Amino acid sequence: MTQIAFIGLGNMGGPMAANLVKAGHGVAGFDLSEASLKAAAEAGVTACASLQDAVKGAEAVITMLPKGEHVIAVWQQLTSLAPAGTLLIDCSTIDVDSARKAHLMAGADKCPSLDAPVSGGTGGAAAGTLTFMAGGSDEAFARAKPLLEAMGKKIVHCGGDGAGQAAKICNNMILGVSMIAVCEAFALGEKLGLSHQALFDVASTSSGQCWSLTSYCPVPGPVPTSPANNDYKPGFAAALMLKDLMLSQDAASASGASTPLGAAAAKLYEAFGEKGNGSRDFSAIIEMLR
Ligand code: NAD
């Protein structure tokens, strides 16, 4: 059993902390939102009134926060609150530069650290089936692995500091681009008189096969569990897709990588969001593309 402080108990962090409790760990949680704290307490997390209270006695601290600025602000406080040797893990999706800055702050305080963003959404968080992409030292990864295994089914050590965030934004750039390609194919098929089922039956077993088609098919029918069958309730919200595409675009500019399709996908999701669609599933972009 490990004593863990869990900071950020929202849609993802709440169920992740609950799975750590189920696995027998001691979890003290803190969130700025009373509602999130209350829900976590109902799942067995010890609700704390401050970051300081949550971190007291913790061998590991996990953060699951909205953006890089939130992670940096919390980790800045952690470096004075957590004694040397405390394992610091950030599971939020943030920019690679902030992730590396957080590692540097932890290193200066002699705390092993890991960036470990996730894939799998709120469903995966609740079921404990997330994929973790980790960046950091071998020591930090070895200590974190048993904790991550309580929340996920696939744990990949991608490399040094920031490598987890790099893997996450590259993967999600593929996701954004592939969803738009699948939507365009269905929209073209409709104009050509092709049924949704016929296109699905061919593409899902041919070279057009991809996750956006077979798990999140953007038209109702072929994949009964896809958000298209549920009025495009997320699922994976379009605003989060845009956030991840912007992170990959920032990283592409900073590193000099050429990502013309990633740039086009970011523009399309930006336009989709401006039309008030940010909270709908990202597959609903087919309506704008038709
Ligand atoms: P969320 O908004 O539901 O939760 C974030 C929580 O952090 C909120 O409860 C907020 O009150 C809390 N918070 C903010 N600042 C804080 C602070 N200083 N101290 C304590 N608590 C603070 O967001 P979420 O959906 O849980 O996402 C969290 C992260 O996971 C994001 O980086 C997101 O991009 C990433 N992510 C989300 C999904 C998804 O499907 N929701 C999937 C993969 C990754």
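Heavy-atom basis, side chains included; hydrogens, waters and symmetry copies ignored. Indexing begins at 1, ligand by ligand and atom by atom, following the structure's order. Source: prediction; values computed, not measured.
Not close to ligand 1: A73, with no non-hydrogen atom less than 4.0 angstrom away.
Protein heavy atom in closest approach to atom 4 (O) of ligand 1: G10 CA, 3.4 Å. Remark: minimum distance from atom 30 (O) of ligand 1 to any protein heavy atom is reached at M64 CE, 3.1 Å. Of all protein heavy atoms, the one closest to atom 27 (O) of ligand 1 is M12 CG, 3.9 Å. For atom 44 (C) of ligand 1, the closest non-hydrogen atom of the protein is T93 OG1, 3.6 Å. The nearest protein atom to atom 40 (O) of ligand 1, hydrogens excluded, is given as G121 CA, 3.6 Å; this is a heavy-atom distance.
Both the backbone and the side chain of S92 come within 4.0 Å of ligand 1, judged by heavy-atom distances. With a 4.0 Å heavy-atom cut-off, ligand 1 is reached by no atom of L51. Proximity of K67 to ligand 1, defined as any heavy-atom pair under 4.0 Å, is not found for any part of the residue.
Considering backbone and side-chain N/O atoms, D31 comes within less than 3.5 Å of an N/O atom of ligand 1. At under 3.5 Å, a nitrogen or oxygen of K243, whether backbone or side chain, sits near a nitrogen or oxygen of ligand 1. Taking distance alone, with nitrogen or oxygen atoms compared against 3.5 Å, H70 stays at or beyond that limit from ligand 1.
Considering each of L65, D244, N11, the one bringing a non-hydrogen atom nearest atom 7 (O) of ligand 1 is L65. Which of N172, L37, T63, V118 comes nearest to atom 43 (C) of ligand 1 through a heavy atom is settled by distance: it is V118. The heavy atom nearest to atom 41 (N) of ligand 1, out of those in I7, T131, L240, is found in L240. Comparing G124, P15, G29, P66 by heavy-atom distance to atom 14 (C) of ligand 1, the nearest is P66. The option with the heavy atom closest to atom 17 (C) of ligand 1, from among L247, L9, I94, L32, is L32.
With hydrogens and angles ignored, the 3.5 Å screen pairs a side-chain donor or acceptor of K243 with a backbone N or O of T93. With hydrogens and angles disregarded, no donor-acceptor distance shorter than 3.5 Å links the side chain of N172 to the backbone of M241. Panel note: side chain E184, backbone R290; no donor-acceptor pair is recorded below 3.5 Å. With N229 contributing its side chain and V223 its backbone, the two residues share a donor-acceptor pair below 3.5 Å.
For ligand 1, the atoms closer than 4.0 angstrom to any heavy atom of V74 are 18 (N). Set against the non-hydrogen atoms of S36, the atoms of ligand 1 under 4.0 Å away are 9 (O). Per-residue contacts place F30 under 4.0 angstrom from the following atoms of ligand 1 (heavy atoms of the residue considered): 19 (N), 20 (C).
Between H157 and F141, the ring planes lie parallel to each other; the angle is under 30°, not in the 30° to 60° tilted range. Using bins of under 30°, 30° to 60° and over 60° for the plane-to-plane angle, the ring pair Y216/W211 lands in the parallel bin.
Ion pairing between E287 and R280 holds under the 4.0 Å rule for side-chain N and carboxylate O.
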Assess whether salt bridge (Lys or Arg N to Asp or Glu O under 4.0 Å) is satisfied between K145 and E149, documenting all intermediate values.
CA-CA 6 Å; K145 197 162 178 252; E149 279 168 347; 3.3 Å; yes
Test salt bridge (Lys or Arg N to Asp or Glu O under 4.0 Å) on R100 and D97; report intermediate values, then the result.
CA-CA 5 Å; R100 292 193 173 137; D97 284 349; 5.1 Å; no
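For Q52, the CD atom counts as loosely surrounded, since its 6.0 Å shell holds 12 or fewer non-hydrogen atoms of other residues, nucleotides or ligands.
D201 is listed as a side-chain neighbour of Q197, based on a closest heavy-atom distance under 4.5 Å.
How far CG of L51 is from CG of L78: 5.5 Å, rounded to the nearest 0.5 Å.
Counting protein heavy atoms under 4.0 angstrom from atom 2 (O) of ligand 1 gives zero.
Screening F272, Y232, F236 against F282 for a ring pair (Phe, Tyr, Trp, His ring centres under 6.0 Å) leaves a single residue, F236.
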